[in-house]
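Working notes for the structure below.
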Amino acid sequence: MRLLALDYGADIVYCEELIDLKMLQCKRVVNEALSTVDFVAPDDRVVFRTCEREQSKVVFQMGTSDAERALAVARLVENDVAGIDVNMGCPKEYSTKGGMGAALLSDPDKIEKILSTLVKGTRRPVTCKIRILPSLEDTLSLVKRIERTGIAAIAVHGRKREERPQHPVSCEAIKAIAETLSIPVIANGGSHDHIQGYLDIEDFRRATAASSVMVARAAMWNPSIFLREGPRPLEEVMQKYIRYAVQYDNHYTNTKYCLCQMLREQLESPQGRLLHAAQSSQEICEAFGLGAFYEETTRDLDARRAKLLARSPEEAEEPAEDTSGIIKMAIKFDRRAYSPQITPKMCLLEWCRREKLAQPVYETVQRPLDRLFSSVVTVAERKYQSTLWDKSKKLAEQAAAIVCLRSQGLPEGRLGEESPSLHKRKREALDQDPGDPTTQEPAVPGELCKKPFVALAGGQESPLEGW
Ligand SMILES: Cc1cc2nc3c(=O)[nH]c(=O)nc-3n(C[C@H](O)[C@H](O)[C@H](O)COP(=O)(O)O)c2cc1C
């Protein structure tokens with residue numbers, strides 16, 4: 001949905017609210033087969049998937065009630081996104097009961113702590129999204145306090161916490177906020193009543209005196225609303241959407257939800273019925289005449305995955321330490337490439353003994369989805385892991401041992417093993433140049449919002465009601 005909105009002309013897109021505690025369990029994984037960066041939970045669910053195409057456009061929105069957790073999440077994702085947003089507008093119980101979302105609106109001290117911690121601690125622009133309070137006076141004093149934290153922009157959904165989409169949005173309240181603050185104000189809440197087409201977006205912006213507009217539902221119903229020349233037919237938009245969904249391996253339930261939002265009144269049509277019955281991405285594609293596209297794309301993807309798995313060690317990545325602190329390489333243990341009596345695990349054990357280090361400790365997990373194994377080996381308080389999953393625990397442990405040996409330039413027992421000095425030299429080069437943080441791009445307050453329109457995309461499995 002985000003890519004589609006960008007294709008059709010949105011300037012910035014937001015991910016759906018992602019909860020800080022969930023994100024903090026995630027590992028950042030470069031998904032070479034899909035060319036994406038994935039934030040993956042321990043149960044292997046992809047919580048946030050992004051790609052280069054949206055890197056300078058995507059705002060990461062989090063649900064949080066704690067400044068330190070918020071900052072940890074911001075640091076986890078900041079290299080892959082354009083901005084960090086805190087959701088303070090969600091009235092749903094799952095958000096408010098943890099003190100997040102709209103619950104924050106009644107705790108200005110906490111808001112201030114979270115936002116100023118983020119502004120100081122992350123190198124991306126920080127924004128927040130609020131709803132209006134029962135009184136305009138309180139709303140204005142809250143937003144002034146929020147502005148003082150140094151955030152780059154504020155999105156305002158012009159409804160009160162208990163109001164639902166059927167209640168009118170208050171353009172006047174947004175306008176009063178926009179006239180009070182100097183930072184950009186992003187007006188939100190206009191879908192349906194005010195925004196039905198492209199030109200309405202500018203009318204809504206003017207009515208609210210805001211600097212830009214966030215469009216949620218109207219963009220969900222037809223993401224081509226951002227096209228200056230007018231919307232594209234839904235059939236075409238849905239086809240484009242499905243292609244992206246397959247290409248990026250979107251979960252079929254989410255794809256189905258988003259398509260249902262686009263079909264809306266046509267859910268009872270033959271196509272709508274087929275969509276309703278679909279229980280997989282393939283069935284969704286078939287309902288839209290994209291069966292051949294599905295076959296072809298998944299075949300290509302499988303081939304790419306197989307090629308990555310079959311890479312020789314020389315072709316595998318250089319060792320790279322991810323944000324979890326684990327040193328990773330794409331390594332597979334191929335028994336045929338090693339001397340019959342020697343395994344990488346033996347080499348590693350031998351080396352630890354020689355160096356008077358504690359024995360290597362292996363921790364292996366099995367992925368429920370495909371029953372493959374991955375092992376992490378700890379040596380001298382550092383952890384090593386292959387990014388590739390294996391058919392057995394033994395193979396996974398050998399792969400982890402190779403990652404450890406190879407990243408330190410140690411012999412691993414390979415037949416005709418070249419001098420380890422090459423690896424050692426590479427390791428030394430890495431150690432000498434850990435990346436100079438002072439060369440990192442600074443956050444530019446206001447930069448995020450200089451363009452006029454904003455789309456909210458992504459998607460949740462939650463129903464429309466209540467937001
Ligand atoms: C299905 C759905 C999911 C939503 N998820 C979020 C969310 O994750 N974060 C957020 O700030 N707002 C979320 N919203 C609220 C919208 O961002 C927006 O505030 C609201 O729909 C009003 O804007 P609109 O009139 O343009 O739709 C969601 C809305 C809907 C309908």
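Indexing begins at 1, ligand by ligand and atom by atom, following the structure's order. Throughout, residue positions are numbered sequentially from 1 according to the sequence presented.
- Considering only residues two or more places apart in sequence or on other chains, F48 meets the ring pair (Phe, Tyr, Trp, His ring centres under 6.0 Å) condition with F39, F60.
- Between the choices R159, E16, K129, the shortest heavy-atom distance to atom 12 (N) of ligand 1 belongs to K129.
- At least one N or O atom of A216 sits closer than 3.5 Å to an N or O atom of ligand 1.
- Within the listing of ligand 1, atoms 25 (O) sit less than 4.0 angstrom from a heavy atom of G190.
- Heavy atoms from both the backbone and the side chain of E17 come within less than 4.0 Å of ligand 1.
- Of the residues V59, I186, V126, the one that meets the side-chain contact (heavy atoms from CB on, under 4.5 Å) test with D85 is V59.
- Every residue two or more places apart in sequence or in another chain that forms a side-chain contact (heavy atoms from CB on, under 4.5 Å) with E286 is listed here: Q282, E283.
- Which of M214, R217, Q61 comes nearest to atom 25 (O) of ligand 1 through a heavy atom is settled by distance: it is R217.
- In this structure, R2 is not positioned above the aromatic face of Y14 in the sense of NZ or CZ being under 6.0 Å from the six-membered ring centre and within 45° of the axis.
- Within the 4.0 Å heavy-atom shell around ligand 1 one does not find A218.
- At least one heavy atom of G189 sits closer than 4.0 Å to an atom of ligand 1.
- Side-chain N or O atoms of Q385 include none that pairs as donor or acceptor with a backbone N or O of V376 at under 3.5 Å.
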Between K332 and D390, does a salt bridge (Lys or Arg N to Asp or Glu O under 4.0 Å) hold up when you go through it step by step? CA-CA 8 Å; K332 276 248 150 193; D390 271 298; 3.1 Å; yes
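- Using modelled atom types, no side-chain atom of T122 and backbone atom of R75 make a donor-acceptor pair closer than 3.5 Å.
- Listed by atom number, the atoms of ligand 1 under 4.0 Å from N87 heavy atoms are 9 (N), 10 (C), 11 (O).
- Contact annotation for Y257 and ligand 1: only side-chain heavy atoms (C-beta onward) come within less than 4.0 Å of the ligand.
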